[in-house]
There are 2 protein chains.
Amino acid sequence: MDEIFEKIGSAQTLSQKIERRIEEAIRQKKLLVGAKLPSERELCEMFAVSRTALREALRRLSARGLIEIKKGSGMYVSELKIKDAIDSLNLYYDLSFDSNLIPQIIEVRRVFEPEIARMAANNRRDKDLDLLLKNISDLEDCDPDNTQMEADIINKFHLNVAKASCNPIVIITMEPIYSLLPRMRNLIYANVDGEKDFTIKAHRTIYEAIRDKDADKAFEAMVGQINRTLEIYTQYLKK
Amino acid sequence: MDEIFEKIGSAQTLSQKIERRIEEAIRQKKLLVGAKLPSERELCEMFAVSRTALREALRRLSARGLIEIKKGSGMYVSELKIKDAIDSLNLYYDLSFDSNLIPQIIEVRRVFEPEIARMAANNRRDKDLDLLLKNISDLEDCDPDNTQMEADIINKFHLNVAKASCNPIVIITMEPIYSLLPRMRNLIYANVDGEKDFTIKAHRTIYEAIRDKDADKAFEAMVGQINRTLEIYTQYLKK
DNA sequence: TTTCGTAACAGATCATACAAGTTGAAGTAA
DNA sequence: TTACTTCAACTTGTATGATCTGTTACGAAA
């Protein structure tokens with residue numbers, strides 16, 4: 001009978017109640033995307049609360065991406081972007097990151113990315129090819145000593161492959177992982193002799209397979225690339 | 001040279017600057033989880049800002065799950081829960097209904113989950129088996145008319161397979177996807193004659209393969225299960 | 001018609017006061 | 001000494017009013 005003493009409905013603060021009210025109005029489409037909310041002063045009167053409490057509720061709503069506040073203009077219901085959700089996941093991954101997780105991150109990539117390359121080959125649009133091609137030419141032009149920029153470009157290439165899958169769930173899943181890669185950069189993309197040439201060639205193969213809609217070749221090429229990453233990491237560990 | 005007229009860096013408000021500062025401190029582990037922040041008044045002095053501006057920054061941080069504010073006690077750095085990120089993702093799909101979501105989820109699962117089953121077969125611990133077995137017996141005991149509970153149990157089984165992979169990245173990758181599954185519950189686990197028996201059998205096969213550390217069999221069994229889901233969804237679409 | 005200034009209005013910030021919850025130490029009774 | 005009570009000194013929450021800064025629309029001037 002512990003339930004009798006269960007926590008009492010954790011006294012919501014006033015500003016939280018206001019937040020809920022407005023959130024509900026948006027969820028129920030009583031406030032449509034783009035609609036302008038009444039001004040702060042008006043809302044204060046309507047809710048019969050102080051501007052302090054009201055503003056804090058509005059701050060929370062804007063932090064969650066539900067409304068946009070434009071100084072001098074007003075407050076507007078904003079279309080919630082998938083980016084807001086991804087940012088939130090990125091933050092979680094960022095705070096959870098630990099260098100012990102590196103081999104596990106590589107394992108996930110080894111397992112998932114070849115399949116993603118296959119999906120990209122099947123679903124890619126022409127504009128995806130442009131982006132991939134640009135990544136490769138950027139990689140070629142990149143100063144060989146600038147391993148940091150090199151790694152960034154490579155990450156962008158892989159993210160663009162995920163985008164070429166045309167499946168937002170894939171993007172949501174992989175983007176947080178890619179956001180962690182810069183933190184393992186110097187561990188993995190170590191300066192190995194002739195490595196850059198190999199990397200460019202490998203990525204070009206992936207690109208061509210996606211371009212030709214050759215799903216199996218894209219799969220295999222990606223397997224090769226990730227295995228190479230794994231090898232370099234293993235070498236690094238031995239040092 | 002369009003860059004010349006690029007949008008000017010939308011002047012951050014003071015409270016946003018404060019938000020960033022504190023967020024960075026948390027990201028860089030200068031403030032550890034559970035640590036108590038200085039009181040509002042102290043922070044005001046430190047940042048040399050008014051309490052209003054400071055509090056609005058703190059409201060945003062708490063809305064994002066980074067800190068917890070206890071009235072009368074103080075403010076504490078809170079361990080960011082994946083639930084916060086998942087809530088954000090679900091809010092997005094609540095507001096922007098997308099009929100493509102279900103096939104996209106199925107596609108991702110079809111590609112990822114067999115590999116996860118393989119990893120689970122290789123890495124599972126005994127306690128993972130207990131959980132999986134319990135899911136199956138729960139499924140057997142479940143009232144056949146309660147399709148909602150059936151679907152929940154099945155989802156738990158799949159999440160437990162992910163956990164059995166012993167790769168935390170796999171788990172946090174899949175959790176957001178599983179959080180979206182309730183949306184397809186009544187669509188997919190429709191009452192098809194004999195479907196429940198098939199489902200139980202299929203999941204038992206997956207379980208046995210993981211138990212026996214037979215990675216290939218686990219892979220194949222999972223492929224079969226997800227394909228079956230796809231079939232049922234396709235049938236549903238035709239109606 | 002175009003340009004430009006300006007007034008009205010929006011949110012942003014500040015300062016102060018008080019309400020309400022939490023904590024811990026001082027004090028009291030057994 | 002020990003256990004309980006009380007209360008003062010914190011904490012955050014809310015209210016109010018003044019002021020600063022950016023946006024918008026309108027009308028006067030070119």
Side-chain angles (χ1 to χ4, degrees), chain A residues 5-23 25-26 31-79, chain B residues 5-23 25-26 31-79:
Chain A
F5 306 107
E6 225 174 355
K7 205 194 297 177
I8 303 251
S10 59
Q12 273 191 327
T13 67
L14 186 54
S15 66
Q16 285 172 324
K17 288 181 200 165
I18 300 169
E19 183 189 0
R20 301 266 169 191
R21 284 274 286 275
I22 300 176
E23 180 183 342
I26 295 175
L31 290 169
L32 297 176
V33 170
K36 186 177 183 198
L37 273 66
S39 73
E40 285 185 358
R41 271 97 176 170
E42 287 175 286
L43 281 173
C44 287
E45 283 191 26
M46 292 162 65
F47 286 124
V49 297
S50 72
R51 272 213 326 287
T52 314
L54 177 74
R55 279 179 59 82
E56 294 189 353
L58 294 168
R59 293 276 104 44
R60 303 175 75 116
L61 288 168
S62 83
R64 295 168 56 200
L66 279 164
I67 66 174
E68 187 182 2
I69 302 176
K70 290 183 183 174
K71 178 174 177 180
S73 173
M75 301 175 293
Y76 305 84
V77 179
S78 72
E79 184 182 11
Chain B
F5 304 108
E6 226 174 356
K7 201 194 297 183
I8 304 253
S10 59
Q12 272 191 327
T13 67
L14 185 55
S15 66
Q16 285 173 323
K17 289 182 198 164
I18 300 170
E19 185 189 358
R20 301 270 166 188
R21 285 273 288 275
I22 299 176
E23 180 184 340
I26 295 175
L31 290 170
L32 297 177
V33 170
K36 186 179 181 186
L37 273 67
S39 74
E40 290 184 354
R41 264 95 178 173
E42 287 176 286
L43 283 173
C44 288
E45 283 190 27
M46 293 163 65
F47 286 125
V49 296
S50 75
R51 224 179 129 217
T52 312
L54 176 75
R55 277 180 59 84
E56 293 188 353
L58 295 169
R59 292 278 103 48
R60 303 174 73 117
L61 288 168
S62 82
R64 295 168 57 201
L66 278 164
I67 67 173
E68 187 182 4
I69 303 176
K70 291 183 184 173
K71 179 175 177 181
S73 174
M75 301 175 293
Y76 305 84
V77 179
S78 72
E79 184 182 9

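Naming: A, B, ... by sequence-line order, numbering from 1 per chain.
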Nearest heavy-atom neighbours spanning [X] and [Y]:
{"X": "B:L61", "Y": "B:E23", "answer": "CD2-CB, 4.3 Å"}
{"X": "A:A63", "Y": "B:A63", "answer": "CB-CB, 4.3 Å"}
{"X": "A:Y76", "Y": "A:G74", "answer": "CE1-O, 3.4 Å"}
{"X": "B:Q12", "Y": "B:R20", "answer": "NE2-NE, 3.3 Å"}
{"X": "A:L54", "Y": "A:C44", "answer": "CD2-SG, 3.7 Å"}
{"X": "A:I22", "Y": "A:L37", "answer": "CG2-CD2, 4.4 Å"}

Euclidean distance, atom [atom1] of residue [X] to atom [atom2] of [N] [Å, nearest integer]:
{"X": "B:E68", "N": "D:dG13", "atom1": "CD", "atom2": "P", "answer": "11 Å"}
{"X": "B:F47", "N": "C:dA15", "atom1": "CZ", "atom2": "C1'", "answer": "20 Å"}
{"X": "B:Q16", "N": "C:dA12", "atom1": "CD", "atom2": "P", "answer": "8 Å"}
{"X": "B:K36", "N": "C:dG24", "atom1": "NZ", "atom2": "C1'", "answer": "12 Å"}
{"X": "A:E42", "N": "C:dA8", "atom1": "CD", "atom2": "C1'", "answer": "14 Å"}
{"X": "B:E40", "N": "C:dA15", "atom1": "CD", "atom2": "P", "answer": "15 Å"}
{"X": "A:Q12", "N": "D:dG13", "atom1": "CD", "atom2": "P", "answer": "13 Å"}

**Asked** Do A:V77 and A:L66 have side chains that get closer than 4.5 Å, going by heavy atoms?
**Response**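 Not touching, per the 4.5 Å side-chain cut-off.
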
**Request:** Please examine the side chains of A:R55 and A:E40, heavy atoms only from C-beta on, and report whether any two atoms are closer than 4.5 Å.
**Result:** yes

**Message:** Both B:M75 and A:Y76 contact DNA chain D. Taking the nearest nucleotide for each, which residue is further toward the 5' end?
**Reply:** B:M75

**Request:** Using the closest heavy atom to pick a nucleotide of DNA chain D for each, name whichever of A:V49 or B:I69 lands nearer the 5' end.
**Result:**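 Final value for this comparison: B:I69.
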
**Request:** May I ask you to list the residues of residues 54-65 of chain A, by number, that have any heavy atom positioned under 4.0 Å from an atom of DNA chain D?
**Result:**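 Those residues: none at all.
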
**Prompt:** Is A:S15 near enough to D:dT14 that one of its side-chain N or O atoms lies under 4.0 angstrom from OP1 or OP2?
**Reply:**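 Yes, within the criterion.
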
**Request:** May I ask you to evaluate whether B:S50 reaches the phosphate of C:dA12, defined as a side-chain N or O under 4.0 Å from OP1 or OP2?
**Result:**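 No.
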
**Asked** Would you say B:E42's side chain and B:S39's backbone share a donor-acceptor pair under 3.5 angstrom?
**Response**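 Yes: the side chain of B:E42 pairs with the backbone of B:S39.
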
**Asked** How would nucleotides 16-22 of chain C be written as a contact map, 5' to 3', with B for base contact, S for sugar-phosphate-only contact and - for no contact, using protein heavy atoms under 4.0 Å?
**Response** -BB-SBS

